[in-house]
S.K.: 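Quick one: the structure is below, and I'll ask about it shortly.
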Amino acid sequence: MKVLLLGVDGELGWPLALKLAKAGHEVIGVDNLSTRRMAYESGTDSVFPLPSPAERVMEAKRHLDVDINFIIGDITQPGLLKDLIRKFRPDAIVHFAEQRSAPYSMKDEEHAVFTIQNNLIGTMRLVYAVKEVDPTIHIVKMGTMGEYGTPNFDIPEDIEVEAEINGKRDRILVPRKGGSWYHWSKVFDTDVLYYANQLWGLTVTDIMQGPVYGTRTSEIVHESMRTRFDIDEAWGTVVNRFCAEAVIGHPLTVYGKGGQTRGFISLEDSVTAVKLLIEHPPDQGKYRVVNQFAEVYSVRQIAEMVREAAEKVGLGKVEVHHLENPRVEKEEHHYNPTRRILPSLGFRPTRTLRDEVPYMLEDLLPYKERIERFREGIPPKTTWR
Ligand SMILES: NC(=O)c1ccc[n+]([C@@H]2O[C@H](COP(=O)([O-])OP(=O)(O)OC[C@H]3O[C@@H](n4cnc5c(N)ncnc54)[C@H](O)[C@@H]3O)[C@@H](O)[C@H]2O)c1
């Protein structure tokens, strides 16, 4: 298949590009390198130094014998997506190209406005480009489990549910409740995609994914192939941050009670699942919601797992500190999301968090000095209130 991958330079985009290309798909990637710039702006960087786009493409050719077309461009610019779709005629478009840090979106008014603008305009440009040039293209959009919030009911895997309000029944959109401006931008994305599906019959897979962790995929066969790995308060997701903290002897930074519970998935399983969804599109004109995670844990349980693994590999005594929670969120809550689409396609997670953490520590150890350089960026500074 021919895949246009928006956000190819990102933590998930690059390993997905490698996996798709290695499987024989043609990959045309687009990225404006904004995550690199925003991380520098926050005074931090990926722990694994990132090669330039041209070097990435060369290394992929050298180690995997694949050709990836890497185009620098901003998808919010008028005309860009239409031109690319006309030129390359993709079967599927994967949309990862968004500002993806919740804390970054909460820094101040300008960061909040930027997040909403970048994410919403990109999605609007995408639906109009597909509608105008080829409405049969399968849109694969990466949302987040965070769109649902933490409701006191089991989270469905659907766009609509049956509801009864004041004695009358109807189908309504599944209730969503973002926990930051970033998460709300994802909720609005879903609204845009769903409306485009209803208006024009666009075919959409809307993936609700939990936090991703890990350093390895089957295609990352050399240091130069590594994807970005962030560890600071704005860009580091929880498992990645805890592992880096353990490597430099920094206490693990649990926010509040640490009862916040989420569905996690390894990098390898995340990109494998997206590949499967691309290869098995829904029927034309259908809107498919996919809840994408492998295991459910609380932050407290993760801290315990990282502490045990770090002490086992000889990193010394690891402390766990409970910090005042900078976020506005429930610290103890019900959490039971449904998951049926990926299993129905034969997807079985191949990694567990417990097994993967020791590999992450092993991969991070050679970069200890570089992690030390970003130490100041670890404690939370961005507050929600
Ligand atoms: N990493 C996770 O744990 C996780 C979990 C759930 C959902 N997601 C979602 O998955 C997607 C990919 O996440 P990631 O971790 O790879 O993030 P990332 O920031 O590493 O990658 C996103 C890429 O998109 C690019 N980009 C942003 N705006 C752009 C624009 N206007 N034009 C062109 N390129 C643009 C960035 O430069 C970056 O390379 C995001 O939409 C994110 O919200 C990620």
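In each ligand, atom 1 is the first atom listed, and ligand 1 is the first ligand listed.
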S.K.: Is there a donor-acceptor contact under 3.5 Å linking the side chains of T382 and E233?
M.R.: yes

S.K.: Within the 3.5 Å criterion, strictly below it, is a donor on T253 or E245 matched to an acceptor on the partner's side chain?
M.R.: yes

S.K.: Is a salt bridge present between K257 and E332, judged by a nitrogen-to-oxygen distance below 4.0 Å?
M.R.: no

S.K.: If hydrophobic clusters are built from ILVMFWY residues whose side chains come within less than 4.5 Å, do L20 and L277 share one?
M.R.: yes

S.K.: How would you list, by chain and number, the residues with a heavy atom under 4.0 angstrom from ligand 1?
M.R.: G7, D9, G10, E11, L12, D31, N32, L33, S34, T35, G73, D74, I75, T76, F96, A97, E98, R100, N118, M142, G143, Y182, K186, Q209, G210, P211, V212, R228, T237

S.K.: Honestly, is R262 close enough over F293, meaning NZ or CZ under 6.0 Å from the six-membered ring centre and within 45° of the axis?
M.R.: no

S.K.: What's the spacing between E26 CD and D91 CG if we round to 0.5 Å?
M.R.: 9.5 Å

